[in-house]
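Below is one structure, written out as structure tokens, with a few remarks after it.
Given the structure is predicted, the values throughout are model-derived calculations rather than measurements.
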Amino acid sequence: MNKCHTMNLNELRQLGAVRFQSNSQKILPGDVFVCRQGPNWDSHQSVDEAIGKGAVGVIANKPLELDIPCLLTPSFSNSVSLINQYYQYPQDKLMQIGVTGTNGKTTVAYCLNALLNRRFKSAYTGTLGCQYSDEQVELDNTTPDAISLLNLFHAMEQSGVTHNVMEVSSHALSQDRVSIVDFDVVVITNIGSDHLDYHRSRDDYIQAKLRLIDRLKPGGVAIINLDDELALAMIERCRSKARVVTFSMQDPSADMFASDIASSCHGGQFRLDYEGQRYAVSTSLPFNFNIENSLAVLAMLTAMDIEISTAVEMLATMDHAPGRSEVYPLQNGATAIIDYAHNYDSLRNLLDNVRCHSQGRVYTVIGVTGDRLADAAAIGELCSTHSDHAFFTTDNPLGVCQEALFAAMGSKAVSGNSSTHPDRERVIEHAVSCLMPDDVLLLCGKGPEKYQYISSNKNAPQPYIGDFEALMQAAGHR
């Protein structure tokens, strides 16, 4: 038996670790298992499982006797610091761009990364996983934990990546998951209300979002949406530590101001005022809320010293993020839109915009995730009042009884204007069968996801055909 002892960097290097992993269920041969004593679970109890899966070493915070090298640190944060030294601080070798906001962060981050890849070697980390070079890595959370990030940053550095565009969630900021990262540029798309099941109050949620500004390098750039009601608080937080660039669709004093806006299901155009010059801008992203997202992308490109005229040209050929307002014309003259909208603010935005541009009826397929049970009544009411019919179905119940979710969604819904069924694929098939020319069908919540988290264990997802596949299968019968 080897007994844990105080760690040094040379001993860690001698293990020849392939990577570091704090989840014993995801250990692969050659990994080093990193223990953590959390509020609900002490992963020191999972060491045997990690060894059984091929761990070549263990980093622990309390003495253990094992048959493989076991190295001791006084705390999990010390373990992270040691791994950071082992990798030689790979995060500092990348230009780090952080994106947060209640809505729009995936669209902004994904699209920005796609544009940066035309000039640099860029990576994306967020809701859609981690993408760099030819690699696609699935992630458990929008923003991974510090150890997972270090593994990713090391791999990015090894493959020649120069920029990393990362979605930063309020959970990650609250839990200090990005404390190892100093950002060069950050953007806060907007701050509404979300995740109040986790945050004690809306103010706690707001303060979590604002912490992204605190992660800026000295002299970094903060992109601020001047139309957000919390814009002044964001700008105040930047005082003496960051250069502020503002954008707006309402306030001409913004650094970037959009006017003469025209948008539809198929894209948008606007006039941009920037540094005393005017530019005609077009984007393939649909609806007014994507004008706001387009302004954020333009501001970030200029913050990285890309000429505004070049940035405008790049924006015109920008593809949308998967599952974000993807528009599909159907053969019978109806339109289907797949959108990840799943919280109240994003759904309200989407429904308002669709209503403005729809000549026919609007049908909405929507579920509520188990961690949003408290929001289910408001979401059900919203979708039933803004749709000609709302189909309530399953969307990652996370161990919460689906009938309880349905009951909450229906508690304030318009009488007779909604229906429930747990089989999402069958619901989409039925909704498509209801469509007439000029009607619009919204498939909300899951975007490109091909799984359902039925139980609370995110390591055991159940396969799902996917909204796009379900739509195409149903539309083929029309």
Side-chain angles (χ1 to χ4, degrees), residues 264-266 286-287 320 322-344 346-369 372 376-397 402-403 405-450 452 464-478:
S264 70
C265 293
H266 306 290
F287 305 130
H320 58 254
R324 272 66 183 173
S325 298
E326 292 186 291
V327 179
Y328 298 99
L330 304 182
Q331 289 184 355
N332 71 339
T335 299
I337 300 175
I338 296 177
D339 196 280
Y340 191 66
H342 57 284
N343 61 43
Y344 186 91
S346 61
L347 286 164
R348 178 69 183 262
N349 244 341
L350 179 63
L351 285 161
D352 284 348
N353 275 270
V354 169
R355 272 296 182 196
C356 287
H357 300 293
S358 175
Q359 297 177 348
R361 297 168 299 177
V362 175
Y363 293 101
T364 302
V365 173
I366 181 70
V368 173
T369 57
R372 285 188 166 84
I379 287 174
E381 180 182 27
L382 171 71
C383 293
S384 69
T385 56
H386 284 62
S387 308
D388 291 276
H389 191 85
F391 299 90
F392 299 152
T393 189
T394 304
D395 182 357
N396 299 337
Q402 186 61 54
E403 290 304 316
L405 290 166
F406 283 157
M409 292 184 76
S411 63
K412 294 184 179 180
V414 175
S415 178
N417 210 36
S418 65
S419 55
T420 63
H421 197 286
D423 188 329
R424 191 178 179 97
E425 184 179 348
R426 284 185 60 188
V427 167
I428 292 173
E429 181 179 0
H430 176 60
V432 170
S433 73
C434 297
L435 296 175
M436 301 292 287
D438 295 326
D439 289 349
V440 177
L441 171 62
L442 300 177
L443 305 180
C444 298
K446 292 201 70 65
E449 294 176 356
K450 288 193 174 183
Q452 288 273 15
Y464 164 60
I465 187 174
D467 280 4
F468 173 76
E469 288 73 12
L471 172 66
M472 292 298 103
Q473 187 171 284
H477 297 156
R478 296 287 288 147

Does any non-hydrogen side-chain atom of Glu425 lie less than 4.5 Å from one of Glu469? no

Can you tell if the side chain of Arg324 reaches within under 4.5 Å of the side chain of Pro448, non-hydrogen atoms only? yes

Side-chain contact, heavy-atom cut-off 4.5 Å: His342 with Thr369? no

Within the side chain of Gln402, is there an N or O that forms a donor-acceptor pair under 3.5 Å with the backbone of Pro422? no

Taking the side chain as every heavy atom from C-beta outward, state whether Leu443 and Phe468 have any atom pair closer than 4.5 Å. no

Taking the side chain from Ser387 and the backbone from Ser384, do they hold a donor-acceptor pair closer than 3.5 Å? no

Would you say the side chain of Asp423 lies within less than 4.5 Å of the side chain of Val427, judging by non-hydrogen atoms? no

Can you measure from CG (Asn417) to CG (Asp388) and round to the nearest 0.5 angstrom? 7.0 Å

For Ser418, check side-chain contact (heavy atoms from CB on, under 4.5 Å) against everything at least two apart and list the hits. Ala390, Phe392, Ala413

For a 4.5 angstrom cut-off between non-hydrogen side-chain atoms, does His320 reach Glu326? yes

Donor-acceptor pair, distance only, cut-off 3.5 Å: does the side chain of Arg424 make one with the backbone of Ala470? no

State, with a plain yes or no, whether a side-chain heavy atom of Asn343 is found less than 4.5 Å away from one of Arg372. yes

Please identify each residue that fulfils salt bridge (Lys or Arg N to Asp or Glu O under 4.0 Å) with Arg426, with sequence neighbours left out. none

Taking every heavy atom of Ala334 against every heavy atom of Leu435, the minimum-distance pair comes out as CB-CB, 3.9 Å

Applying salt bridge (Lys or Arg N to Asp or Glu O under 4.0 Å) to Glu403 and not counting sequence neighbours gives none

Any heavy-atom pair between the side chains of Ile366 and Asp395 that's under 4.5 Å? no

Does Arg355 reach the main-chain N or O of His386 with its side chain, forming a donor-acceptor pair under 3.5 Å? yes

Parallel, tilted or perpendicular: which fits the ring planes of His430 and Phe391, with parallel below 30° and perpendicular above 60°? perpendicular

Are Asp339 and Ser325 close enough that a side-chain donor and a side-chain acceptor fall under 3.5 Å? yes

